[in-house]
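Here the structure comes first, spelled out in C-alpha cells, and everything after it is commentary.
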Amino acid sequence: MPWKAVRDPYAVWLSEIILQQTRVAQGMPYYERFVETYPTVTDLARAEDDAVMKLWEGLGYYSRARNLLRAARMVANDHAGHFPDTYEELLSLPGVGPYTAAAIASFAFDRQVAVLDGNVYRVLARYAGDATPTDGSRGRKHFQDLVDAAMGDTPAAAFNQAIMDFGALVCTPRNAACAACPLSAKCVALNTDRVYDLPVKAKAVARRTRHFHYLVVEDRGHVLLQQRTEKDIWQNLYEFPLIEADRTALRVEQLIALPAWPDWLPPSRITPEGRSTIYRQILSHQTILAVFHRIKCEAPIEFPEHLVRVDRQARSLYALPRVINRYLEEKALTLDL
DNA sequence: AATTCGTGGAG
DNA sequence: TCTCCAAGAAT
C-alpha cells in the first residue's frame, strides 16, 4: 500500500477512515484522489461540503465523509493543523473510534496500543479456538485483552501491521492458507477442524425492502435534484424528487393520487413519458427497489428552495447514490440534456 | 446494547 | 441469485 511506509498522521488518518469496512482495492483510488485534491489536512478543512461528498461518491457509509470534514476542521482550527498524538485525544475526533485511534496512535506516533479489527478478531479467535461472539461489548473487551497480551512489549506499529497483514493474507475468511501457516501446529481451530466456524458472530443481518419512485422532471432541458437531509440512508447526497411507496408497480398516474405527491408539481402541467425498469440496490440493512419516471414539464414550474435545477455541471458538483448513477449511465443521460 | 449507516467482490 | 463480509463508528 502506498501509505504503508508513511508516518504522516494526515495520510494515516485519511487511509484508515477510507478503509473502515472497505476493501483495500475499493478504497485505494479514493485515497489517491483525496491526497491529490487535498494534500494537507488544512486543505481539506477549507473544502466545501458538497465537494468532499462528491469525492467520496460511490464509496458508501457517507457519515465517514461528513465526519472526515468535521475532524479536519477541528484539527485545523483547534489544533493548529496538527493531529493530536495520543489515543484518547484521537478518539475524540468525529469518525475516529477505538480501531482508528489505535491505528493512528501506533503508526503515526509510535504509541504502544494494539488495534482490534476484523483481521485481529479472526486470527485470535482461530488461534485460541475462542468462540466468544465478536459482536457485542463483551466480545470486544475480551479480544482487546487478548490482543493486548499478545502484543506485550513488541513495538506496536510493527505488531499491528503484522497481525492485520497476517489476517488479510494468510488467516483469511475463506480458503485460509493453513498448509503454509507458521502457527498451524498450535492453532486450536485448525487442530479441532473449526477454522471456518470461527470467529463467531451472534447476530445475523436483517434486511427490509423499500420501494422508491424517482421523478425525473425535465424542465426545458434541465433536471431537478434535491438533497437528502433526513436521518436516513445517503444523508447529504442528492437525488431526484422521491416518492416512497409500498410497491414498485405504480405509474405516474397513480403516484399523483398519493399524499406524497409534491404540491409544486401540478399534474395539469406535466406529461408522463414512461417508467424505467426496476433497479435494485442492496445496502447493508436495506434493499432498495427504484423506479425512474420520466416526466416532461409542459410549462415552467416554480419549485421550493430545497430543490436545485441542475445545469451541465451537475454531475461534477453533486454526489449521487449509486442507484441514481447506474440509471444515468444505463440511459446514457448526463443530466445535461 | 442493539441498530443503522454502502458498496462491491468472492464463492 | 444469495450469503458473507471488508483496516468500524455513531446513536
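By convention in this document, chain letters (A, B, ...) are assigned in the order of the sequence lines, proteins followed by strands, and residues within each chain are numbered from 1.
Base engagement by A/Ser284 is indicated by at least one non-hydrogen atom pair under 4.0 Å involving a base atom. Counting non-hydrogen atoms under 4.0 angstrom, A/Arg140 reaches nothing in the nucleic acid. A/Arg280 comes within 4.0 angstrom of the backbone, heavy atoms only, and of no base. Residue-level contact check: A/Val96 touches the backbone only, with heavy atoms under 4.0 Å from sugar-phosphate atoms and none from bases. Within 4.0 Å of A/Asn67, counting heavy atoms only, lie sugar-phosphate atoms of the nucleic acid but no base atom. Here A/Gly58 lies in heavy-atom contact (under 4.0 Å) with sugar-phosphate atoms only. Note on A/Gln235: nothing from the nucleic acid sits closer than 4.0 angstrom, heavy atoms only. When heavy atoms are screened at a 4.0 angstrom cut-off, A/Ile18 is found touching no nucleic acid atom at all. Using a 4.0 Å heavy-atom criterion, one finds that A/Ile17 contacts no nucleic acid atom at all. At the heavy-atom level, A/Leu283 lies under 4.0 Å from base atoms of the strands shown. When heavy atoms are screened at a 4.0 angstrom cut-off, A/Asp135 is found touching no nucleic acid atom at all. Counting non-hydrogen atoms under 4.0 angstrom, A/Arg23 reaches a base of the nucleic acid.
A salt bridge does not link A/Glu298 with A/Arg269: every distance from a Lys NZ or Arg NE/NH1/NH2 to an Asp or Glu carboxylate oxygen is 4.0 Å or more. Taking 4.0 Å as the cut-off between side-chain N and carboxylate O, A/Glu36 and A/Arg33 do not count as a salt-bridged pair.
Take the nearest nucleotide of DNA chain C for A/Met164 and for A/Lys231: the residue whose nucleotide is more 5' is A/Met164. DNA chain C is contacted by both A/Gln26 and A/Pro94; A/Gln26 maps to the nucleotide lying nearer its 5′ end (nearest heavy atom per residue). Ranked by how close their nearest DNA chain B nucleotide is to the 5' end, A/Asn175 and A/Arg207 are led by A/Arg207. In this structure, A/Lys141 and A/Leu237 both approach DNA chain B, and ranking their closest nucleotides by distance from the 5' end singles out A/Lys141.
Closest approach of A/Val310 and A/His222 over heavy atoms only: O-CD2, 2.9 Å. Taking both residues in full, the closest heavy atoms of A/Asp135 and A/Lys203 are given as OD2-N, 3.1 Å, listed atom of the first, atom of the second, then distance.
Relative ring orientation between A/Phe34 and A/Tyr38 is described as tilted, the plane-to-plane angle lying within the 30° to 60° band.
Atom P of B/dG8 sits at a distance of 22 Å from the matching atom of C/dA9, rounded to the whole Å.
Distance CG (A/Leu68) to P (C/dA9): 14 Å, rounded to an integer number of Å. A/His285 places its NE2 atom 13 Å from the C1' atom of C/dC4, with the value rounded to the nearest Å. Following rounding to the nearest Å, A/Phe143 (CZ) and C/dG8 (P) show an atom-to-atom distance of 15 Å. Between the CZ atom of A/Arg64 and the C1' atom of C/dT11 there is a distance of 17 Å, given to the nearest Å. A/Tyr62 has its OH atom 18 Å from the C1' atom of C/dA10, to the nearest Å. Across the protein-nucleic acid pair, A/Tyr61 atom OH and C/dC5 atom C1' stand 10 Å apart, rounded to whole Å. Between the CZ atom of A/Arg66 and the P atom of C/dA10 there is a distance of 12 Å, rounded to whole Å. Straight-line distance from the CG atom of A/Leu91 to the P atom of C/dA10: 8 Å, rounded to whole Å.
Inspection of the A/Gln21 and A/Arg64 side chains reveals no N or O donor paired with an N or O acceptor under 3.5 Å. Side-chain contact, A/Tyr99 with A/Glu16: a donor N or O sits under 3.5 Å from an acceptor N or O. Side chain to side chain, A/Asn325 and A/Arg322 fail the donor-acceptor criterion of an N or O pair below 3.5 Å. Under the 3.5 Å distance criterion, with hydrogens and angles disregarded, a donor-acceptor pair is assigned to the side chains of A/Asp165 and A/Gln161.
Read 5' to 3', the first and last nucleotides of DNA chain B with an atom closer than 4.0 Å to a heavy atom of chain A are B/dA1 to B/dG11.
For the OP1/OP2 pair of C/dG8 and a distance below 4.0 Å, the side-chain nitrogens and oxygens of A/Gln20 include no atom meeting the criterion.
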